[in-house]
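Written out below as structure tokens is the structure these notes cover.
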Amino acid sequence: MENSTEQKESPAGTSPAKKQGRSLAAKGLSLSFLTLASRLLGLVREMTKAKFLGTSTFSDAFVIAFQVPNFFRRLFAENSVSVAFIPTFKSRLEDSSTEEGKRETQEFINSTFTLVTFFTVVFVTLGMIFTPLILKIFFGKESMDALTEATILTRIMFPYLVVISIAALLQGILNALKIFSPSGFTPILFNAIVIAFTYILSYFKLTENPARAMSIGVITGGCVQAIFQLPFVLRNNWKLSFTSLKKAFKNPYTKTVIRLIGPTIIGMAAYQINDIVSSSLATRAGTGVCSSLQYSLRLQELILGICAVTIGTVILPDLTGFAKKCEWDSFSKLLKQSVNIMTLISIPITFYSLIMAKNLITLVFATGRFNEDSILMTQKVFCCHILGLTFIAVNRIVSPAFYAQGDTKSPTIAGLINFAVNISLALVLVRQMSGSGIALALSIASLVNTAFLFYFLKFKKNINIASVLGSTFLYALKVTLFSAIAALPIYFLRGKIELLFAGHNRLVSQGIPVAITACIFGGIGLLLLLITKDPIVGIVVKKFRRK
């Protein structure tokens, strides 16, 4: 065991941990670029919705209609299939050098594909039949117009669950093979298709309202996401084929996935029920509240997509590899490095976003039917959402540390606690704070979730939790202090900068102040990091000097 945990030097004198850090940076840079493009287009998609729908009844109807298939998508696809499938498939890859091993691995893929398709088709069929009953969870008797429209939109988009679940399986295969670019590009295609369909179908009046045009774009975009990734899987000598349900259920590796996926589904169900209850409270709190929450979350997801999702996707296969080889020192170092990177990105963004919230929302969304009331409603919600940014981001980094070791129970328990805290607080705060109360409840619950994830890591004897937690806490304090220092000039100069560009269109009146204040804030923060010789910034500077 001692030899398995030692850091062996490579012939060039570079330790595996350092090599892994460079590999993480290289893969992360490529995926970050694609994710940035995807999130930016996702923002444009939300801007398109704001332009055509604003915070109207139709906007609320679309938000709820899209959330219903998304509930099952997250349950069966991204966070469950990927988390359970990737570690199992990666372990099979290491035993696929022989013909027998290759055949068994292909049978495992076929069995997983069969089960994913079977369950999602069953859910879609039942879901489309019982759509009106499902939607009554969200809409009261006073919202019958929204309920009628949401029923139509949900039935258009429900088949999205089938194709996006298949796309998630293809992504799992590629990510296990450490091929990230195709999966990173598919959301770009999806967002582009939804935007294009909304404009084209609405312009030519081929649908009764823009919400239906967006819904048609969603189902079309989902199909493209699956189709686009298939050639890359085939190119790597793997394929998707159906097998009998009996064989699929009996496959030993599929049983492993089902065993892993069970607790994850419970945890994800709790997380998704959070969304359902929050949306139900929002639709009952007044027209536009549900939409304002979604606009706010879109801004937050832009940031999370660039950093947390990217790093989490990249490190899961590597953490799994370290765990399998019992290289726990490298495992802890990679986890610590990833959490610190996350902290360095998310805390400064939180400070800047709190000060410039109204400018950002006006710049991004204030067009068409998105009026001053929409701006103020979304601003209040966004300021409460952004408080939880760091905790949500860290959660998405720490969770893979459990999944890599085959432990899905610990993050599931943390998720259930998160669910209880969020729902309890939302029920209380929504009465006094409306949508802002729902957003604040999510941020506080995310903090609690983070605390429990680190607490559960303490029981993982293979991980140096004291080092990870100590490093994270001290680094977070430093970044918080630097962010506060950098934020002070922005707080006092914002009004004067806004006056210089007032009276012009929003790209000038809001865009230039946002750009100027971002440069001042970022410049001061970077200077402080350089003066203190921050290790993460040092790595980046060295890489640029080599180039």
Side-chain angles (χ1 to χ4, degrees), residues 36-37 39-52 54-55 195 288 291-292 294-307 344-387 389-390 435-436 439 479-531 537 540:
L36 173 61
R39 296 294 174 173
L40 287 174
L41 270 177
L43 194 60
V44 174
R45 187 188 82 201
E46 210 66 15
M47 291 166 66
T48 302
K49 179 157 73 74
K51 175 183 175 64
F52 284 97
T55 49
I195 294 165
S291 297
S292 67
Q294 289 301 310
Y295 291 128
S296 172
L297 284 170
R298 175 55 61 184
L299 284 178
Q300 190 182 64
E301 285 175 3
L302 173 67
I303 302 159
L304 283 172
I306 295 168
C307 43
L344 178 60
I345 295 171
S346 61
I347 292 178
I349 289 175
T350 299
F351 273 83
Y352 179 80
S353 298
L354 285 171
I355 296 173
M356 299 296 293
K358 186 175 181 180
N359 305 80
L360 290 168
I361 291 163
T362 304
L363 173 64
V364 174
F365 296 122
T367 181
R369 299 189 64 183
F370 200 92
N371 53 29
E372 187 66 25
D373 289 340
S374 302
I375 293 171
L376 293 175
M377 190 184 298
T378 306
Q379 178 191 351
K380 291 176 183 178
V381 171
F382 179 68
C383 286
C384 293
H385 266 148
I386 205 69
L387 291 173
L389 176 69
T390 299
S436 300
V479 175
T480 299
L481 177 61
F482 288 178
S483 298
I485 294 171
L488 283 175
I490 305 304
Y491 181 79
F492 290 108
L493 293 174
R494 180 191 59 181
K496 295 179 181 179
I497 295 173
E498 285 177 357
L499 286 175
L500 292 174
F501 302 97
H504 298 278
N505 64 64
R506 82 178 199 280
L507 292 177
V508 175
S509 64
Q510 305 298 328
I512 295 179
V514 165
I516 292 173
T517 53
C519 288
I520 295 172
F521 179 83
I524 294 172
L526 182 60
L527 181 62
L528 290 170
L529 291 169
L530 290 172
I531 290 172
V537 174
V540 175

Looking only at side chains, do T55 and S374 share a donor and an acceptor under 3.5 Å apart?
yes
Hey, does [Y] have a side-chain heavy atom less than 4.5 Å from the side chain of [X]?
{"X": "R298", "Y": "R45", "answer": "yes"}
{"X": "L529", "Y": "L344", "answer": "yes"}
{"X": "Y295", "Y": "K49", "answer": "yes"}

[X] and [Y]: which non-hydrogen atoms are nearest, and at how many Å?
{"X": "F382", "Y": "L299", "result": "CE1-CB, 3.6 Å"}
{"X": "C383", "Y": "I386", "result": "O-CG2, 3.5 Å"}
{"X": "L389", "Y": "S346", "result": "CD2-O, 3.6 Å"}

What side-chain donor-acceptor pairs closer than 3.5 Å can you find for residues 516-527, not counting sequence neighbours?
from: T517; atom 1: OG1; to: Y352; atom 2: OH; distance (Å): 2.8
from: T517; atom 1: OG1; to: P513; atom 2: O; distance (Å): 2.7
from: T517; atom 1: OG1; to: V514; atom 2: O; distance (Å): 3.1

Indicate every side-chain donor-acceptor pair of residues 357-368 with a distance under 3.5 Å to a residue at least two apart or in another chain.
from: N359; atom 1: ND2; to: E498; atom 2: OE2; distance (Å): 2.6
from: N359; atom 1: ND2; to: Q510; atom 2: OE1; distance (Å): 3.1
from: T362; atom 1: OG1; to: K358; atom 2: O; distance (Å): 2.7

Can you give the donor-acceptor pairs under 3.5 Å from side chains of residues 485-494 to other protein atoms, not counting sequence neighbours?
from: R494; atom 1: NH1; to: I355; atom 2: O; distance (Å): 2.6

In Å and rounded to the nearest 0.5 Å, what is the [atom1] to [atom2] distance from [X] to [Y]?
{"X": "L297", "Y": "E46", "atom1": "CG", "atom2": "CD", "answer": "9.0 Å"}
{"X": "L376", "Y": "S292", "atom1": "CG", "atom2": "OG", "answer": "11.0 Å"}
{"X": "S353", "Y": "H385", "atom1": "OG", "atom2": "NE2", "answer": "13.0 Å"}
{"X": "L354", "Y": "I349", "atom1": "CG", "atom2": "CD1", "answer": "12.0 Å"}

